[in-house]
Amino acid sequence: MAKLQKSIPIKKVLPSGKKDQSFFEQVYAIVALIPEGRVTNYGAIAKFLGTKMSARMVGWALNNAHHLPNVPAHRVVNRNGALSGKAHFETPTQMQILLEREGITVIDDCVVNFKCHFWDPSIELDIV
DNA sequence: TGATTGACCATGA
DNA sequence: ATCATGGCCAATC
């Protein structure tokens, strides 16, 4: 089993030394790297960015990122595995549809085997 | 300009 | 186990 996939050089998306990248930009970068068929939660992203408690920001970021391409917000759920942001999609069912389309089973707005599909940036992404 | 909210999480009682 | 509170950063009222 071992690793799911090779580490992704985070530096590629998060150029160090550049503080121009706001919290949001970092969130976008991470979310954009979520592999298909995988999901993560707000806390993991926030934690990866340094402030583990600013998970709320991630939500806000996604709200802003909603209009951006390459930002699969449907792959981001809360720590409970629930599709908390489904209401913010084009249609409330869009999120679930997208997830199921990627092979993720969603029942009652909750990701089944969320733990198995969980994608932790702080683990998958290798900080150089 | 300050106060409140927001797709949340962790801790304490 | 559930309920209540604190905290984070940014945008909106």
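Note that the structure is predicted; figures quoted are calculated from it, not measured. All chains are named by letter (A, B, ...) in the order of the sequence lines, taking the proteins before the strands, and each is independently numbered beginning at 1. All values below come from the heavy atoms of this structure, side chains included, with hydrogens, waters and symmetry mates left out.
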Looking only at heavy atoms, which two atoms of [X] and [Y] are closest? And how far apart?
X: A:Asn64; Y: A:Phe24; answer: ND2-CE2, 3.2 Å
X: A:Asn41; Y: A:Val76; answer: C-CG1, 4.4 Å
X: A:Asn70; Y: A:Ala32; answer: O-CB, 3.0 Å
X: A:Leu62; Y: A:Ala73; answer: CD2-CB, 4.3 Å

Check: Is A:Ile107 isolated, or which residues cluster with it under the ILVMFWY side-chain rule of less than 4.5 Å, directly or via members?
Finding: A:Val112
Checklist line | Side-chain (A:Asn78) to main-chain (A:Asn80) donor-acceptor, under 3.5 angstrom | finding: yes
Notebook entry, point to check: Can you check the A:Gln26 CD to C:dA10 C1' distance for me, whole Å?
Noted result: 14 Å
[X]: partners by side chain to side chain donor-acceptor pair (under 3.5 Å), with sequence neighbours left out:
X: A:Lys86; result: A:Asp109
X: A:Thr40; result: none
X: A:Asp120; result: A:Ser122
X: A:Glu102; result: A:His74, A:Arg75

Rounded at 0.5 Å granularity, tell me how far [atom1] in [X] sits from [atom2] in [Y].
X: A:Arg79; Y: A:Phe114; atom1: CZ; atom2: CZ; answer: 9.0 Å
X: A:Cys116; Y: A:Arg38; atom1: SG; atom2: CZ; answer: 9.5 Å
X: A:Lys47; Y: A:Ile45; atom1: NZ; atom2: CD1; answer: 13.0 Å

Notebook entry, point to check: Listed by chain and number, what are the ring-ring contact (aromatic ring centres under 6.0 Å, His included) partners of A:His66, not counting sequence neighbours?
Noted result: A:Phe89
Check: NA contact type, A:Ala73, heavy-atom cut-off 4.0 Å: base, sugar-phosphate, or nothing?
Finding: base
Next item on the list: Grab the stems for DNA chain B, please: at least three consecutive Watson-Crick or wobble pairs, both distances below 3.5 Å, written as range with range.
Entry: B:2-6 with C:9-13, B:8-13 with C:2-7
Margin query: Using a 4.0 Å cut-off on heavy atoms, which residues in residues 75-86 of chain A reach DNA chain B? List them by number, or say none.
Written below: A:Asn78, A:Arg79, A:Ser84, A:Gly85
Notebook entry, point to check: Nucleotide range of DNA chain B contacted by chain A, 5' to 3', under 4.0 Å to a heavy atom?
Noted result: B:dG6 to B:dA10
Notebook entry, point to check: Using the C1' atom in both, what is the distance from C:dC3 to B:dA7, to the nearest Å?
Noted result: 22 Å
Polar atom pairs (N or O), protein with nucleotides 11-13 of chain C, under 3.5 Å:
none

Tabulate protein N/O versus nucleotide N/O from nucleotides 4-8 of chain C, keeping only pairs under 3.5 Å, one per line.
unit_1	atom_1	unit_2	atom_2	d
C:dG7	O6	A:Arg56	NH2	3.2
C:dG7	N2	A:Met53	O	3.2
C:dC8	O2	A:Met53	O	3.0
C:dC8	N4	A:Arg56	NH1	3.3

Notebook entry, point to check: Restricting to pairs with a member in residues 54-66 of chain A, which pass salt bridge (Lys or Arg N to Asp or Glu O under 4.0 Å), not counting sequence neighbours?
Noted result: none
